[in-house]
Amino acid sequence: MGLQQDTVTWFVGILFLSTLFLCSADVHHYEFFVRESNFTKLCNTTTLLVVNDSYPGPEIRVRRGDTVFVNVHNQGNYGFTIHWHGVKQPRNPWFDGPEFITQCPIQPGTNFTYEVILSDEIGTLWWHAHSDWTRGSVQGAFIILPAENETYPFPTPDADQTIILQSWYNGDYKQIIDQALATGIPPRQPDAYAINGNLGDTYGCTNDTIFRMQVDYEKMYLLRIINAAMNEQQFFSITNHTLTVVAQDASYVRRFTSDYILISPGQTMDVLVSANQNVGQYYMATRPFSDASAMPPDNITTGIFQYTNSEGGLNASLITLPARDDTNATNSFISRIRNTNVTQNPPLNVPTGIDRRVFITIATNTVPCNTSQCLLPNRFVASLNNVSFVFPRIDILKAYYNSSTGGVFTEDFPLNPPVFYDFTGNLTGFNTRAELGTRAVVLNYGEAVEIVLQATQLGGGGSHPIHLHGFSFYRVGSGSGNFNNETDPRTYNLVDPPLINTIHVPGKGWAALRFFANNPGVWFMHCHFERHSSWGMDTVFIVRNGTTTETSIRPPPSTMPRCPGT
């Protein structure tokens with residue numbers, strides 16, 4: 001059933017893309033020079049690895065269906081890779097970017113050119129380093145405008161503005177996670193949050209800058225909001241202004257209005273705002289959301305939505321954001337996000353006859369800590385189905401493509417948890433140990449796949465933003481408590497589920513997603529809380545080749561970075 005339906009999907013998709021490509025698709029070239037630079041914030045100077053001496057890095061701005069070449073020059077002190085978050089890279093996993101999954105790091109003193117192939121993505125995505133915690137400072141927006149002669153499915157904005165929400169640490173991001181992994185304890189919390197690299201006026205350092213967005217009265221603006229924070233979901237609002245959500249994760253959604261948004265790390269959201277209030281200055285503000293036992297700092301970071309020729313008018317008491325632990329606000333907002341039937345979106349094609357079901361429990365765990373730097377007998381790890389992912393030293397894609405998988409990975413990731421228990425109940429005294437391994441799920445080309453992600457109370461509990469590379473998928477359902485495979489599927493939304501690439505799995509709850517495995521390659525799936533991914537809350541989905549060249553992985557480029565020791 002899934003294979004037959006996928007043939008239809010492939011044909012409809014080709015027609016959709018062919019229509020787009022009748023417009024002239026362009027080729028763009030960017031140069032990224034990555035090196036250490038000094039930044040002073042919180043009255044403290046910190047050395048960070050950044051692109052082109054800027055934090056955040058340069059914005060890529062292209063049109064739908066274009067191809068982008070980015071030549072990355074590593075002028076820093078350690079290796080890294082770059083990922084093009086939300087770009088599906090059809091048949092092109094070689095340039096997807098996660099370290100030791102699809103490539104080895106770009107070593108200092110070398111360069112590597114990525115080929116980024118756009119297909120049906122539209123709106124706002126982003127790029128970031130995909131090595132240890134380097135993405136905390138190596139990051140930027142990836143803006144995809146409508147193709148030539150293509151319109152927006154909403155009133156054309158007068159201008160657009162990128163808003164990147166970030167975590168700020170007084171320190172080098174790589175050193176922070178390296179020290180945490182060596183000692184076996186959690187990495188420290190951020191010192192502040194930032195909007196486009198600015199910390200605002202709430203942290204007490206008079207030298208800190210505040211982001212200002214200049215607007216004209218009665219003009220309409222499209223905000224392109226990216227949550228690039230390391231471990232924090234974020235609320236965002238603009239005082240006295242209504243936000244109209246129009247897209248998420250580079251796909252249009254049914255328009256709805258809200259006083260705030262909730263956006264998880266990795267997610268992007270396109271929001272319209274009208275400058276229709278009394279001329280003045282209004283705070284934009286962001287604060288974290290968490291439903292875990294270990295809460296992030298409850299800091300509010302500010303920016304200014306400033307009307308032309310306005311003075312004064314700022315009043316911090318008017319900032320209205322949900323409380324840090326407001327799960328009702330979070331769930332209410334997410335529940336309103338629906339797909340929209342517009343010609344600018346790919347035709348809705350939700351899998352119904354499922355060929356492969358995967359049920360994954362999410363947890364934080366412990367294992368014995370056996371190094372001289374350990375501070376405690378056990379160290380923290382994280383897991384999916386009780387497997388804590390171990391990154392190999394040769395990239396999995398190369399090993400798979402060359403059929404030399406021995407010692408690199410195995411194809412036996414469990415499709416169900418090894419033990420069923422009360423996932424969301426009181427787990428005091430429950431065995432928290434996990435297995436270590438590099439285990440992948442292998443899918444046949446064209447299979448209709450359903451993945452149910454179950455949050456557990458093992459460790460700190462709480463919600464998780466789970467990102468799948470290489471695909472956009474439909475969020476068909478979510479709920480509280482333990483997933484019931486008899487009754488919960490009856491609640492699925494198969495009519496207008498949002499098409500996304502990063503899904504919010506609610507604390508003490510579950511979320512279900514569906515997609516067709518129609519992109520051959522090796523694709524990483526992981527929690528976008530960096531501490532969890534660093535601890536092993538990851539796995540790999542391998543999609544086998546189809547029967548034709550057009551359904552098979554492209555040959556590898558000759559310029560791939562060499563793996564250490566090879």
Side-chain angles (χ1 to χ4, degrees), residues 39 41-42 48 50 54-57 59 85-86 123-129 133 135-143 160-169 173 189-203 208-213 221-239 241 243 245 247-250 258-271 273 283-290 296-305 319-322 324 326 329-330 333-334 463 465 467 501-502 504 528-531:
F39 296 85
K41 301 182 189 299
L42 299 178
L48 297 179
V50 296
S54 63
Y55 170 79
E59 180 173 285
H85 186 111
T124 305
L125 291 174
W126 63 305
W127 57 264
H128 59 81
W133 274 28
R135 82 161 177 85
S137 56
V138 177
Q139 57 181 234
F142 198 124
I143 306 304
D160 68 315
Q161 174 64 57
T162 299
I163 303 287
I164 303 182
L165 309 178
Q166 302 157 295
S167 306
W168 175 261
Y169 289 79
Y173 291 83
Q189 298 277 21
D191 296 291
Y193 308 117
I195 299 175
N196 289 351
N198 302 273
L199 272 55
D201 59 6
T202 61
Y203 293 98
D208 283 338
T209 56
I210 189 166
F211 172 71
R212 293 177 182 268
M213 178 179 170
Y221 296 89
L222 179 63
L223 304 184
R224 302 179 178 277
I225 304 173
I226 300 165
N227 188 347
M230 298 300 286
N231 299 293
E232 298 84 27
Q233 296 164 298
Q234 295 282 353
F235 292 116
F236 175 87
S237 70
I238 300 177
T239 303
H241 289 74
L243 306 177
V245 179
Q248 182 182 8
D249 287 359
S258 178
D259 294 332
Y260 66 93
I261 68 166
L262 182 283
I263 185 168
S264 293
Q267 290 181 336
T268 60
M269 206 162 286
D270 291 4
V271 174
V273 58
Y283 274 120
M284 61 176 67
T286 184
R287 77 160 358 139
F289 162 75
S290 177
D298 192 16
N299 296 325
I300 291 179
T301 293
T302 55
I304 298 177
F305 193 74
I319 295 175
T320 56
L321 285 167
R324 176 178 56 169
D326 193 338
T330 293
F333 178 82
I334 293 172
S463 53
H467 173 50
N501 62 60
T502 303
H504 169 90
H528 228 281
F529 289 153
E530 287 305 308
R531 68 177 181 275

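The chain is numbered in sequence order, starting from 1. Side chains are part of it too, since the values below use all heavy atoms of this structure and drop only hydrogens, waters and symmetry mates.
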Say whether, by atom type as modelled, one donor and one acceptor occur between the side chain of [X] and the main chain of [Y] under 3.5 angstrom.
{"X": "D208", "Y": "K41", "value": "no"}
{"X": "S290", "Y": "P296", "value": "no"}
{"X": "R287", "Y": "P322", "value": "yes"}
{"X": "Y203", "Y": "Y193", "value": "yes"}
{"X": "R531", "Y": "M230", "value": "no"}
{"X": "N227", "Y": "I263", "value": "yes"}
{"X": "T124", "Y": "D270", "value": "no"}

Original post:
Are F39 and W168 side-chain neighbours, meaning at least one heavy-atom pair lies under 4.5 Å?
Top reply: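 Yes - at least one pair of side-chain heavy atoms lies under 4.5 Å apart.
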Subject >> Any P288 side-chain heavy atom under 4.5 Å of Q234 side chain >> reply: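 Yes, close enough: below the 4.5 Å cut-off.
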Original post:
Taking it one step at a time, do E232 and S167 satisfy side chain to side chain contact (heavy atoms under 4.5 Å, CB included)?
Top reply: CA-CA 8 Å; E232 298 84 27; S167 306; 2.5 Å; yes
Original post:
Taking the six-membered ring for Trp, are Y260 and F235 parallel (under 30°), tilted (30 to 60°) or perpendicular (over 60°)?
Top reply: perpendicular
Original post:
Going by the angle between their ring planes, with limits at 30° and 60°, are H128 and H85 parallel, tilted or perpendicular?
Top reply: tilted
What are the two closest heavy atoms between [X] and [Y], and how far apart are they?
{"X": "A228", "Y": "W126", "result": "CB-CZ3, 3.5 Å"}
{"X": "I210", "Y": "Y283", "result": "CD1-CE2, 4.3 Å"}
{"X": "S463", "Y": "F289", "result": "OG-CE2, 4.0 Å"}
{"X": "T268", "Y": "A250", "result": "OG1-N, 4.0 Å"}
{"X": "M269", "Y": "L262", "result": "CE-O, 3.8 Å"}
{"X": "A194", "Y": "T301", "result": "CA-CG2, 4.1 Å"}

Hey, could you give me the [atom1]/[atom2] distance between [X] and [Y], rounded to the nearest 0.5 Å?
{"X": "T162", "Y": "I143", "atom1": "OG1", "atom2": "CD1", "result": "4.0 Å"}
{"X": "T286", "Y": "I238", "atom1": "OG1", "atom2": "CD1", "result": "11.5 Å"}
{"X": "I195", "Y": "R212", "atom1": "CD1", "atom2": "CZ", "result": "12.5 Å"}
{"X": "S264", "Y": "H528", "atom1": "OG", "atom2": "NE2", "result": "10.5 Å"}
{"X": "I226", "Y": "Q267", "atom1": "CD1", "atom2": "CD", "result": "12.5 Å"}
{"X": "Q248", "Y": "N501", "atom1": "CD", "atom2": "CG", "result": "8.5 Å"}

Original post:
Is there a side chain to side chain contact (heavy atoms under 4.5 Å, CB included) between S237 and D259 once you walk through the steps?
Top reply: CA-CA 6 Å; S237 70; D259 294 332; 6.0 Å; no
Original post:
Step by step, would you call M213 with L223 a side chain to side chain contact (heavy atoms under 4.5 Å, CB included)?
Top reply: CA-CA 10 Å; M213 178 179 170; L223 304 184; 3.6 Å; yes
**OP:** Would you check, one step at a time, whether the test side chain to side chain contact (heavy atoms under 4.5 Å, CB included) holds for Q233 with T330?
**Re:** CA-CA 10 Å; Q233 296 164 298; T330 293; 5.6 Å; no
Subject >> salt bridge (Lys or Arg N to Asp or Glu O under 4.0 Å) partners of E530, counting only residues at least two apart >> reply: R135
Subject >> Residues forming a side chain to side chain contact (heavy atoms under 4.5 Å, CB included) with N196, sequence neighbours excluded >> reply: Q161, I163, I164, N198, F211
